[in-house]
There are 2 protein chains.
Amino acid sequence: MFSNSLKYAIKAVLYLAQHSCEKQKISAKHISESILVPHAYLAKLLQELARHNIISSSKGPKGGFYLNQENRQQPLINLIRAIDGQQKLSTCVLSLKDCDEKRPCPLHNLVAPSKKNLMDSLEHKTLAEISSEIEKGISFFPL
Amino acid sequence: MFSNSLKYAIKAVLYLAQHSCEKQKISAKHISESILVPHAYLAKLLQELARHNIISSSKGPKGGFYLNQENRQQPLINLIRAIDGQQKLSTCVLSLKDCDEKRPCPLHNLVAPSKKNLMDSLEHKTLAEISSEIEKGISFFPL
DNA sequence: TCTTAAATATGACAAATATCATATTATTAT
DNA sequence: ATAATAATATGATATTTGTCATATTTAAGA
Ligand code: FES
Ligand code: FES
């Protein structure tokens, strides 16, 4: 459902949401060891996320990656789009040209409701909200 | 969302649902030309589907692939499992070991309802039903 | 029984994704 | 200023997925 890269990216960002702030930046190495993801690979993903302004970064000693307030207020879908690209989730499941309510493909009516539901969720849930649910014990993020 | 292989397989099976029966078998070559899928690749997929009893086949002249009554009564999920394997749809979106309502991962509550909804749909909709909707003009299957 | 049409089995090749490595650049602190 | 730290840019390798090709087996029909 989600690519490997995306899973890693989500884990890393959630880790940052919980352990970083403007004053407490975290290195790619530290993150990779914490969430058990190959560090060279994660570094690349983090760079991509920083480039898309999903996360923040600063170079040099005491530098690292972190989430600022603006980052935290973004919906999860932004992260997904940054890693997997724009279209992945929005195209027809059979890759037909125009996925259209007027001319639905044989699977459209079957999957469209679930998909719309999922998209709405991803569109509205912010990183801050997800992080807060972990803190409240509503969800669990094992490392 | 669905792999390329799966999309091709679904198209081929829907084509068979509409154009084949025990007395009217269709060759891989004919199918591949009709649904515009590379024929060597499709042949492999069709063989895999036949092996899993999603579709029927017979060798030799006048042979080919087709759907019998039993094939048509199967839910779409069987086809998906035959091509993409058992686990793809059932695992945690973050690949955590036990996706559990008791200990939901940070994305579980967000995606689980949509996923459950989709799984239920795929579990209950038969190939016959999908095919019938195309015939009734409820959905469209452009070739 | 022989030819032919088709699936089946197997494997080679290509492209995309995932993984690893390294040289460069920027920033902090001494 | 200089040394150390950490991101950035770039690219190499490995694995998976997608694509293509071919030899073998089975069954129909002449
Ligand atoms: S037309 Fe295929 S999913 Fe909408
Ligand atoms: S625990 Fe991750 S999706 Fe259920």
Expected rows: protein N/O vs nucleotides 1-6 of chain C N/O, under 3.5 Å:
from: C:dA6; atom 1: O4'; to: B:G60; atom 2: O; distance (Å): 3.4

Euclidean distance, atom [atom1] of residue [X] to atom [atom2] of [N] [Å, nearest integer]:
X     : N      : atom1 : atom2 : answer
A:K7  : C:dT17 : NZ    : P     : 15 Å
B:L16 : C:dA7  : CG    : P     : 10 Å
B:K25 : D:dA28 : NZ    : C1'   : 10 Å
A:N4  : C:dA18 : CG    : P     : 6 Å
A:Y41 : D:dT13 : OH    : P     : 18 Å
A:K29 : C:dC20 : NZ    : P     : 14 Å
B:I83 : D:dT17 : CD1   : P     : 13 Å
A:D84 : C:dA16 : CG    : P     : 15 Å

Salt-bridge test for B:K44 and B:E48: reply yes if a basic N is under 4.0 Å from a carboxylate O, no otherwise.
no
Using five base pairs at each end, measure the axis-to-axis angle across the helix from C:dT1-D:dA30 to C:dT30-D:dA1 and round it to 10 degrees.
0°
Is there a side-chain contact (heavy atoms from CB on, under 4.5 Å) between A:E101 and A:H108 once you walk through the steps?
CA-CA 8 Å; A:E101 301 294 334; A:H108 182 100; 3.2 Å; yes
Could you walk me through whether A:Q18 and A:E135 pass the side-chain contact (heavy atoms from CB on, under 4.5 Å) test, one step at a time?
CA-CA 8 Å; A:Q18 298 218 272; A:E135 273 156 32; 4.0 Å; yes
Only one of A:F2, A:Y41, A:Y15 forms a ring-ring contact (aromatic ring centres under 6.0 Å, His included) with A:Y8, so which one is it?
A:Y41
Test log, rule side-chain contact (heavy atoms from CB on, under 4.5 Å), inputs B:V93 and B:L110
CA-CA 10 Å; B:V93 287; B:L110 201 63; over 6 Å; no
Apply side-chain contact (heavy atoms from CB on, under 4.5 Å) to the pair A:I130 and A:K125, showing each step before the final yes or no.
CA-CA 7 Å; A:I130 296 173; A:K125 197 76 144 196; 3.6 Å; yes
Side-chain ([X]) to main-chain ([Y]) donor-acceptor, under 3.5 angstrom:
X      : Y      : result
B:S131 : B:L127 : no
A:Q74  : A:N53  : yes
B:S34  : B:H30  : yes

Under 4.0 Å from OP1 or OP2 of C:dT19: is there any side-chain N or O of A:Y8 that close?
yes
Does C:dT17 have OP1 or OP2 sitting under 4.0 Å from an N or O in the side chain of A:S5?
no
Say whether B:L16 and B:I35 are linked into one hydrophobic cluster, either directly or through other cluster members, by side-chain heavy-atom distances under 4.5 angstrom.
yes
Cationic tip of B:K25 above B:Y66 ring, under 6.0 Å, 45° of axis:
yes
Any residue in residues 42-54 of chain B with a heavy atom nearer than 4.0 angstrom to DNA chain C? Just list them by number, or reply none.
B:K44, B:Q47, B:R51
